[in-house]
Structure formats: C-alpha cells, structure tokens
Student: 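Below is one structure. I have some questions about it.
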2 protein chains.
Amino acid sequence: MSKTTREQLLDAARRQFANKGYYGASIAGIAQELGLSKQALLHHFGSKEKLYGEILKGISDRMLSAIIRIRSDVQDPRAQLEALMLGNLDIQAAQREEAQILMREVLDNRARAEQAGTWYLKPFLDALVDIVRQTPTGRGLGQAEALALVIQLLGAISYFAVSEPTLKRMFGESAYAEMTSHYPEQLRALIRARLGGVSSAPFAGTQTA
Amino acid sequence: MSKTTREQLLDAARRQFANKGYYGASIAGIAQELGLSKQALLHHFGSKEKLYGEILKGISDRMLSAIIRIRSDVQDPRAQLEALMLGNLDIQAAQREEAQILMREVLDNRARAEQAGTWYLKPFLDALVDIVRQTPTGRGLGQAEALALVIQLLGAISYFAVSEPTLKRMFGESAYAEMTSHYPEQLRALIRARLGGVSSAPFAGTQTA
DNA sequence: TTTTCTCCCTACCGATCGGTAAGGACGATC
DNA sequence: GATCGTCCTTACCGATCGGTAGGGAGAAAA
C-alpha cells in the first residue's frame with residue numbers, strides 16, 4: 001500500500017508493455033493509469049527507453065539470482081531444472097507478464113541499446129545448458145543438442161505463460177483454469193520423460209551419493 | 001518472377017509484420033520495399049487491417065489444409081503429430097515468419113475484428129488435442145490435460161522458430177546452424193519421449209493392425 | 001476519338017507518438 | 001522569510017501514423 005509513485009509506475013508499465021508491446025504501449029497511457037500526466041513519468045525515468053530498460057533489468061536480476069540460489073540449494077541437476085522451470089518461470093501474474101515481455105523481446109530482434117534485451121538471457125541459457133549436460137540424458141549430448149533441448153523446454157513453459165489470454169478466450173475461463181491446474185504436473189512429466197525422472201521430491205535436493 | 005504486385009506486397013507485408021509486429025510495421029514502409037507509395041498498397045487492400053487479415057487468412061488456410069491432408073494420409077496418431085509438428089510448422093523462411101506472426105497474435109490479445117487472430121487457431125488446437133487423445137499415452141488424459149500437452153509441444157517448436165534472430169545474435173551464425181541441424185531430431189525425441197515412439201518411419205502411416 | 005478501368009501518384013488531413021520548455025505547489029533547509 | 005530540490009502540471013514541438021481526395025498515365029473497349 002505504501003508503494004512509491006515510481007514503483008506504481010513500474011508496475012503499470014510492466015503490465016502495459018506485456019499486453020501491448022513496446023511500441024503499442026504509450027508513456028501517456030501508463031501514467032494515466034495512476035491519474036498522472038506523462039511528464040510525471042518522464043520526470044521519474046527520463047525517457048521511455050530508460051523506463052523499459054529498468055523493467056528488463058528487473059527481470060534479468062530476478063532470473064540470475066534464481067539461478068544462483070537454486071544451483072546452490074539443489075544438488076541433482078534434474079531437480080535444478082524442474083525448480084527453475086516451475087519455480088522461477090512460474091505462472092503468477094507478474095511472472096506471466098515478464099514472460100510475455102521476454103517473448104516480445106525475443107521476437108522483436110531490434111537493436112535496442114546494443115541488444116539490451118538479449119545480453120542478460122545468455123547467462124541464463126548457458127546455465128540451463130550446463131545443467132542439462134549434467135543429467136544422465138544430457139551427458140551424451142553436444143553443446144548444440146543440449147541447447148536445442150533447453151529451447152524446447154523453455155518454449156514449452158513460455159508458450160503456455162504467454163498464450164493465456166488467447167486460450168482463455170478460446171476455451172473459456174473454466175476450461176483454462178482446469179488446464180492451468182494440470183500444467184505443472186504435465187510440465188514435470190515432460191521434463192522427466194525427456195531427461196529421466198528425479199528420484200525423490202523435486203525440491204528435496206537429493207545429495208550426490 | 002512473374003509475381004503480381006499484389007503478391008509481392010503480401011510477401012513484404014508478411015515479412016514486416018513478422019519482424020516488427022502489427023503496430024511496428026507501417027503500410028508506407030511495406031510499399032516502399034517495392035518502390036511504391038502507400039496509396040498503391042491501399043489501392044490493393046483497402047486498409048492496413050484488411051491487408052493483415054489476408055495474411056492471417058493465408059496462414060489459417062495453410063494450417064487447416066495441412067491437418068486435413070495429414071489426417072487422411074497418415075494413420076498412426078503419433079506419426080500424425082510428428083508430421084504436423086515437423087512438416088507444417090517447419091523452419092523455412094516463410095514458415096518462420098508465419099510462426100512469428102502467430103506468436104505475436106497470441107501475445108497481443110487485442111480484439112481485432114472479433115478476435116480474428118484466434119478463431120482459426122481453435123480448430124487447429126482441437127485437432128491436435130483429438131490426435132493426442134488417440135495415442136496410447138494420451139488415451140488416459142482428460143481434455144484439459146491433453147490440451148496442456150499440446151501447448152507444450154507447440155511451444156517447443158514455436159519458440160525455436162520464433163527466437164531465431166536472438167539465438168543467432170547470442171551464439172553466432174555457425175552455432176545456430178549446428179543447433180538448427182539438430183533440432184528436428186531433438187523435437188522427434190521429445191514427442192516420442194512424451195507420447196511413446198512410433199513403430200516405423202514417421203511418415204510411413206502404419207496401418208491400424 | 002472518346003470512354004472506362006486499372007494502377008499508381010502527390011498533397012493533405014486529424015490523431016497520436018515521444019520529448020522539451022517553463023512554471024506552480026510544497027516540504028525541507030538555511 | 002528566502003532558497004532550493006522534488007514532484008507534477010499545462011502548453012507546445014516535430015515526426016509519423018493510417019486514411020482521404022483527386023488526378024495522371026496507359027491499355028482496353030466503345
């Protein structure tokens with residue numbers, strides 16, 4: 001409740017960038033959500049580009065810290081993957097918006113500030129490839145094959161997070177809710193089918209014998 | 001070489017809509033690609049919305065006819081899935097652009113002409129769910145669970161098609177090319193791991209015993 | 001030759017975009 | 001009380017957007 005204007009603006013901006021994209025969202029529209037003029041927004045962030053950059057940085061920071069935390073908390077690489085996929089890239093409101101922003105970033109391929117949108121994805125992908133190649137299935141794979149597998153898994157979860165509004169409209173609220181309730185288990189099934197099952201509970205952090 | 005102006009405009013429009021999105025692409029920019037003015041484009045299509053609609057319709061027609069063709073040509077449902085995923089949603093230039101457009105359509109969630117972007121996706125998804133529920137693995141799944149599985153598979157391939165420019169920039173042309181060469185086999189591995197292997201060649205259309 | 005149709009042009013319109021300029025309200029500091 | 005920085009305002013700017021109005025070139029039809 002005691003959120004600063006700046007934080008409220010960031011929230012509104014994240015929502016609008018996720019829903020309409022960078023060009024589709026206007027700084028006037030974002031500011032209007034709080035009953036402010038666009039110059040109030042410019043006062044806090046300087047320019048639209050800088051505002052967007054701050055949102056990207058927030059996403060990046062969250063992802064990287066999640067990697068570090070999970071890699072130190074969890075031992076089994078397959079459990080690490082499950083935790084990263086189901087935990088970090090979760091399906092909560094803010095997380096889904098972030099997934100949408102990332103998907104747009106990947107789609108747009110624009111040279112925004114020296115590929116600001118991609119430099120921070122690289123360490124995330126590298127870490128995932130690294131983890132995959134530590135699993136029994138992944139040990140036999142080359143770098144490119146492991147990357148292909150990572151992209152598949154990322155796609156499986158991102159696509160779901162991203163297509164929520166469309167799926168809702170297509171199948172109705174209740175059908176979508178039912179599907180959502182099944183999605184984590186289906187995702188776990190996919191990861192295990194492809195990489196081999198994890199011995200115990202996903203977050204247990206099974207010690208390396 | 002004897003492509004009509006109209007067809008060339010459609011090609012240019014598809015490319016620009018894929019790269020920049022609906023709002024990012026301008027009709028003046030599309031027409032300029034052929035050295036024409038935007039009124040030349042408006043003469044052929046009437047409005048930007050109608051131009052975009054024609055492109056969506058083209059994608060829709062291609063997808064639906066692929067479903068019909070494959071469902072009649074191939075018997076085994078798992079082989080149908082493989083054929084639809086690896087054949088229809090292929091990774092050629094035009095197909096990739098179509099995948100990008102569809103991804104943007106799914107992301108945007110705008111009410112364009114009574115959800116023009118989604119009505120034609122529905123039968124495609126319905127068909128895929130139908131096919132999945134004919135496989136040994138899918139027979140035990142409810143509608144929602146089967147849909148979740150379909151979204152996973154669609155995500156795995158769409159995400160790859162869509163993130164090509166980003167991946168290229170991140171890992172370099174050669175690494176991307178190597179990954180691309182491995183992708184179909186990795187995708188087949190994913191489908192088989194999740195749905196059970198197909199007895200013989202994927203396109204053989206194994207008769208129902 | 002005149003008419004008509006196709007295809008494309010220049011010129012212009014209102015709306016909206018991101019951003020600048022200048023200043024008012026208000027609390028803290030001196 | 002005067003000064004200063006924070007936060008926000010209205011007013012305005014140039015650029016670009018999709019779309020309209022009207023006309024010119026040129027082939028086909030009369």
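Both backbone and side-chain heavy atoms feed into the values below; hydrogens, waters and symmetry mates do not. All values reported here derive from a predicted model rather than from experimental measurement.
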Student: Can you tell whether the side chains of A/Lys122 and A/Asp126 come within less than 4.0 Å, N to carboxylate O?
Tutor: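 The answer is yes: the pair qualifies as a salt bridge.
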Student: Tell me whether A/Glu164 is salt-bridged to A/Arg96, with the criterion being a basic N under 4.0 Å from an acidic carboxylate O.
Tutor: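 A/Arg96 and A/Glu164: salt-bridged.
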Student: Heavy atoms only, 4.0 Å cut-off, all strands: where does A/Ala31 land among base, sugar-phosphate and nothing?
Tutor: nothing
Student: Rounded to the nearest Å, what distance is computed from the CZ atom of residue B/Arg6 to the P atom of nucleotide C/dT6?
Tutor: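 One finds 13 Å between P of C/dT6 and CZ of B/Arg6, rounded.
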Student: Can you measure B/Glu7 atom CD to C/dC7 atom P for me and round it to whole angstrom units?
Tutor: 13 Å
Student: Return the value, rounded to whole Å, for the distance between atom CD of A/Glu49 and atom P of C/dC17.
Tutor: 17 Å
Student: Validate the cation-pi geometry between B/Lys57 and B/Tyr52: distance from NZ or CZ to the six-membered ring centre under 6.0 Å, angle to the ring axis within 45°.
Tutor: no
Student: Rounded off to whole Å, could you give me the CD-to-P distance for the B/Gln32 and D/dG18 pair?
Tutor: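 Rounded to the whole Å, the gap is 13 Å.
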Student: Within the sub-3.5 Å range, which N or O atoms of nucleotides 7-12 of chain D have a protein N or O partner, and how far apart are they?
Tutor:
unit_1: D/dC8; atom_1: OP1; unit_2: A/Thr5; atom_2: OG1; d: 3.4
unit_1: D/dC8; atom_1: OP2; unit_2: A/His44; atom_2: NE2; d: 2.5
unit_1: D/dT9; atom_1: OP2; unit_2: A/Ser37; atom_2: N; d: 2.8
unit_1: D/dT9; atom_1: OP2; unit_2: A/Ser37; atom_2: OG; d: 2.5
unit_1: D/dA11; atom_1: N6; unit_2: A/Gln39; atom_2: NE2; d: 3.0

Student: Rounded off to whole Å, could you give me the CG-to-P distance for the A/Leu41 and C/dG18 pair?
Tutor: 10 Å
Student: What integer distance in Å separates B/Glu33:CD from C/dC8:P?
Tutor: 16 Å
Student: Using a heavy-atom cut-off of under 4.0 Å over every strand shown, decide if B/Ile27 touches base, sugar-phosphate, or nothing.
Tutor: sugar-phosphate
Student: For a 4.5 angstrom cut-off between non-hydrogen side-chain atoms, does B/Glu82 reach B/Arg192?
Tutor: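 The answer is yes; the side chains approach within 4.5 Å.
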Student: For the residue pair A/Phe160 and A/Tyr183, is the inter-centroid distance of their aromatic rings smaller than 6.0 Å?
Tutor: yes
Student: Mind checking what makes salt bridge (Lys or Arg N to Asp or Glu O under 4.0 Å) contact with A/Arg6, not counting sequence neighbours?
Tutor: A/Glu54
Student: Can you measure B/Leu34 atom CG to C/dC9 atom P for me and round it to whole angstrom units?
Tutor: 10 Å
Student: Tell me the interatomic distance from A/Tyr23, atom OH, to D/dC17, atom C1', rounded to whole angstroms.
Tutor: 14 Å
